[in-house]
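Data first, discussion second: the structure below is written as structure tokens.
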Protein chains: 2
Amino acid sequence: MNTRPPTLEEVAQRAGVSTGTVSRVINNARHVSDKSRRAVQSAITELGYVPNTAARSLATARRGAVVLVISSDDPALFANLFFAEVITGVNAVLEETDLQLMLLLAASARGRERFAKVLQSRGADGVMLLALKENDPLSKMAEDSGLPAVHGGRSLDRPPQWYVDADNRGGARAAVEHLIASGRRNIATITGELDTHAGMSRFMGFREATVLAGLSDARVAHGDFSETSGAAGMKLLLDDHPDLDAVFVASDAMATGALSVLRERGKRVPEDVAVVGFNDIVTAQHTRPALTTVRQPIEALGREMTRMLLRLLNGERPTSLILPTELVVRDSA
Amino acid sequence: MNTRPPTLEEVAQRAGVSTGTVSRVINNARHVSDKSRRAVQSAITELGYVPNTAARSLATARRGAVVLVISSDDPALFANLFFAEVITGVNAVLEETDLQLMLLLAASARGRERFAKVLQSRGADGVMLLALKENDPLSKMAEDSGLPAVHGGRSLDRPPQWYVDADNRGGARAAVEHLIASGRRNIATITGELDTHAGMSRFMGFREATVLAGLSDARVAHGDFSETSGAAGMKLLLDDHPDLDAVFVASDAMATGALSVLRERGKRVPEDVAVVGFNDIVTAQHTRPALTTVRQPIEALGREMTRMLLRLLNGERPTSLILPTELVVRDSA
DNA sequence: TACAGTCCTGTAAGCGCTAACAGCCCCACC
DNA sequence: GGTGGGGCTGTTAGCGCTTACAGGACTGTA
């Protein structure tokens with residue numbers, strides 16, 4: 001549709017210097033006189049020259065892009081705006097560089113193939129992986145490729161070398177300590193899937209807080225993070241431990257389920273039973289009563305993953321990060 | 001970290017053919033004997049060869065990527081999972097091709113600069129633009145670049161050549177007709193910003209439905225899509241038109257505000273006043289009562305934008321699309 | 001047998017950039 | 001006045017692929 005964009009060579013001609021010099025100016029390398037530099041710069045603006053990414057990539061073997069891979073097809077991942085917030089964080093850091101962001105949803109087999117292609121064809125300089133399940137093949141693929149890779153979250157089996165994660169354990173502990181501080185003594189929990197790092201960590205946090213306070217950690221029901229499993233867990237707990245006066249629920253979705261069971265059973269929240277959730281999903285403030293919960297710093301997760309990847313690309317060896325969580329006190333506890 | 005990936009030339013050597021032939025096999029062009037083809041294919045799998053994207057881009061002047069640009073920094077855009085859904089749709093279509101998705105948040109000045117760079121450096125083969133405001137500079141930038149560009153949504157001033165939009169007018173009309181069908185006669189509306197295409201279309205839909213039914217279209221309050229403006233609008237309406245028995249609200253956020261005002265004023269929903277929103281944001285099903293609203297096909301929007309862009313890249317001239325909306329009947333009307 | 005027409009294949013010239021290399025000039029120092 | 005060492009610059013060989021172009025090997029036809 002358009003005329004061909006100007007090339008570096010044309011800039012060189014117009015500026016009356018060689019291509020080498022133009023290249024030096026563009027990459028602001030040393031050994032360029034002020035005179036040449038000025039000549040080149042004005043030639044560049046006059047021509048509206050912008051370096052061709054492909055040519056540069058080919059010559060430098062650097063791609064100028066990183067890829068963010070989202071593995072989970074779990075709609076719950078989206079339900080708390082996780083996705084949008086992570087990307088906002090990633091973008092904020094990348095804006096300061098000249099790296100582009102590529103996005104890949106790799107839940108399907110086709111998506112995994114495409115990821116493999118990107119890896120093999122060196123289509124990106126680095127990888128950020130999000131929402132992997134246990135033993136997710138993507139993790140191994142990334143590792144095998146030899147590209148710098150940063151993970152969001154950890155898996156239980158084999159923690160990745162570089163990751164950023166939220167402090168699930170500390171968050172859970174803070175939640176339970178809040179319950180204790182408000183006078184609760186018979187505290188129960190509904191756990192998430194214990195074969196996930198997050199699920200297990202939140203459970204450990206619960207145990208830590210109760211045991212440290214000299215309370216029982218025996219009121220436990222196991223869920224899978226879903227709303228229905230939260231409801232089921234709450235029923236079990238009420239049947240087995242009718243004396244409970246508080247419950248720490250390992251996800252807001254489960255907490256929503258728990259709240260409706262409590263309502264059915266005629267328990268007042270928080271008077272009879274206090275409830276704390278985890279995640280601060282968008283609907284948490286719209287439940288009745290509004291849900292007290294633990295918020296994860298999701299945008300910061302995106303930011304820090306990106307910063308870590310940049311360091312890796314830069315040849316440094318950063319250390320993995322655990323980001324603090326925050327207790328959001330509303331009405332349910 | 002790794003040994004250099006195999007090149008096309010190495011494949012050629014191993015297969016005992018020339019690089020030209022290998023290239024033909026890869027791009028499955030004609031004029032390759034079965035024998036050569038097989039030889040090449042097995043060499044490829046043995047070596048684990050994947051074409052280098054940068055080299056191919058340089059040679060073909062095609063980038064193998066399209067960019068999705070999100071302009072708005074409005075968190076409301078995210079609040080209904082708009083973002084995630086669009087991307088899911090885009091990704092679904094892109095998966096069938098070998099195009100990669102680049103993502104750019106271009107709300108900031110820096111973001112706009114980066115967008116310009118992508119455009120100028122031919123960093124992508126095509127563009128999808130989302131959530132533009134009126135007179136958004138991005139729109140003009142895309143146009144000037146000459147790259148194929150598809151818009152999600154329209155602006156009032158100058159509709160883009162290729163766009164996909166939701167049927168705001170039809171959705172509004174269906175909402176109001178639902179109110180009429182359930183016996184309401186004194187129907188009000190709270191509009192969105194009337195300098196946006198969506199805001200104006202929804203208002204037009206309201207007027208169309210009321211006028212066609214021989215009802216008054218005079219009960220109007222103006223809002224800006226936000227929750228507080230919805231509350232303010234509802235107050236005005238109740239003051240000016242105490243006889244109203246239904247209200248069509250041009251966004252769910254505003255509807256949420258309206259609901260709380262109605263509650264304050266002791267109006268029962270839907271008995272005294274029926275309420276219909278627009279967007280079907282995630283919280284709509286958690287309001288009290290659950291909000292009847294108009295759902296936009298957001299994932300389909302992403303899909304269709306992408307399909308349209310593919311056609312454009314393919315040299316065809318598709319026609320712009322208006323996607324149907326759907327009334328989701330819950331408890332508020 | 002000669003000829004044109006098909007297929008297939010190899011060769012090589014780019015695509016637009018970077019970076020190593022080699023020169024040049026100029027200055028400082030002895 | 002000779003020597004050495006910078007700083008600057010031009011030249012050029014790639015980076016790994018695609019794609020004319022120019023054959024060569026066949027086939028079918030005259």
Side-chain angles (χ1 to χ4, degrees), chain A residues 2-41 43-44 47-65 98 117-118 120-125, chain B residues 2-41 43-44 47-65 98 117-118 120-125:
Chain A
N2 236 353
T3 172
R4 189 180 45 73
T7 70
L8 183 144
E9 191 164 354
E10 290 165 355
V11 174
Q13 266 177 7
R14 176 160 197 133
V17 299
S18 73
T19 63
T21 300
V22 176
S23 178
R24 278 175 211 117
V25 172
I26 290 170
N27 301 294
N28 51 65
R30 303 166 328 171
H31 304 315
V32 180
S33 66
D34 280 359
K35 181 156 161 287
S36 309
R37 170 163 281 124
R38 270 193 302 272
V40 169
Q41 271 160 352
I44 285 178
L47 261 42
Y49 170 75
V50 177
N52 178 309
T53 346
R56 175 178 272 178
S57 292
L58 183 57
T60 58
R62 262 174 269 118
R63 211 57 13 137
D98 49 5
K117 276 236 165 98
V118 170
Q120 303 302 322
S121 68
R122 291 288 185 268
D125 295 323
Chain B
N2 236 354
T3 171
R4 190 179 46 73
T7 69
L8 183 143
E9 190 164 355
E10 290 165 356
V11 173
Q13 265 175 7
R14 175 157 197 137
V17 299
S18 72
T19 61
T21 302
V22 176
S23 179
R24 278 174 211 116
V25 172
I26 290 170
N27 300 294
N28 51 64
R30 305 166 328 171
H31 303 314
V32 181
S33 66
D34 280 359
K35 182 158 160 287
S36 308
R37 169 163 283 122
R38 270 195 302 273
V40 170
Q41 270 160 352
I44 285 177
L47 260 41
Y49 169 75
V50 177
N52 178 309
T53 344
R56 174 177 274 179
S57 294
L58 183 55
T60 58
R62 262 175 267 117
R63 213 55 14 136
D98 48 5
K117 277 239 165 98
V118 170
Q120 303 302 322
S121 68
R122 290 288 185 271
D125 296 323

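- One donor-acceptor pair, N or O on each side, does fall under 3.5 Å between the base of dG10(D) and the side chain of R24(A).
- Between the side chain of D125(B) and the main chain of R63(B), a donor-acceptor pair closer than 3.5 Å is present.
- Checked against dC8(D), dC17(D), dT9(C), the side chain of H31(B) finds its nearest nucleotide in dT9(C).
- The nearest whole Å value for the distance from the CZ atom in R56(A) to the P atom in dG16(D) is 18 Å.
- Of all nucleotides listed (dT9(C), dC15(D), dT18(D)), dC15(D) comes nearest to the side chain of A59(A).
- Put simply, N27(A) has a side-chain N or O that comes within less than 4.0 Å of OP1 or OP2 on dT18(C).
- Atom pair E10(A):CD and dG16(C):C1' shows a separation of 11 Å (rounding to whole Å applied).
- Looking at heavy atoms from C-beta onward, E10(A) lies in side-chain contact with T7(A) at the 4.5 angstrom threshold.
- Dashed line: the shortest gap from a side-chain N or O of S18(A) to OP1 or OP2 of dG10(D) is under 4.0 Å.
- Counting all heavy atoms, side chain and backbone alike, A54(A) lies closest to L58(B) at CB-N, 3.9 Å.
- Distances shorter than 4.0 Å separate some side-chain N or O of S36(A) from OP1 or OP2 on dT9(D).
- Atoms CG (L58(A)) and P (dT18(C)) sit 11 Å apart, rounded to a whole Å.
- Between Q120(B) atom CD and dG16(C) atom P the separation is 16 Å, expressed in whole Å.
- When distances are taken from the side chain of P51(B) to each of dC17(D), dT11(C), dG16(C), the shortest belongs to dC17(D).
- Contact check, T60(A) against dC17(C): no side-chain N or O comes under 4.0 Å of OP1 or OP2.
- A donor-acceptor pair under 3.5 Å is absent between the side-chain atoms of S121(B) and the main chain of N52(A), judged by distance alone.
- Note: CG (N52(B)) to P (dG14(D)) measures 18 Å, nearest angstrom.
- Computed from coordinates, the E9(B) CD to dA12(C) C1' distance equals 12 Å when rounded to whole Å.
- Side-chain contact between V17(A) and R24(A): absent, with no pair of heavy atoms (C-beta onward) separated by less than 4.5 Å.
- The nucleotide whose nearest atom lies closest to any side-chain atom of T7(A) is, among dG16(C), dT18(D), dG16(D), dG16(C).
- Look at CD on Q13(A): it is 14 Å from C1' on dG10(D), rounded to the nearest Å.
- Following rounding to the nearest Å, N28(B) (CG) and dT19(D) (C1') show an atom-to-atom distance of 16 Å.
- Remark on DNA chain C: of its neighbouring residues A55(B) and R37(B), the 5'-side contact belongs to R37(B), judged by nearest-heavy-atom nucleotide.
- One finds a side-chain N or O of S33(A) lying less than 4.0 angstrom from the OP1 or OP2 phosphate oxygen of dT9(D).
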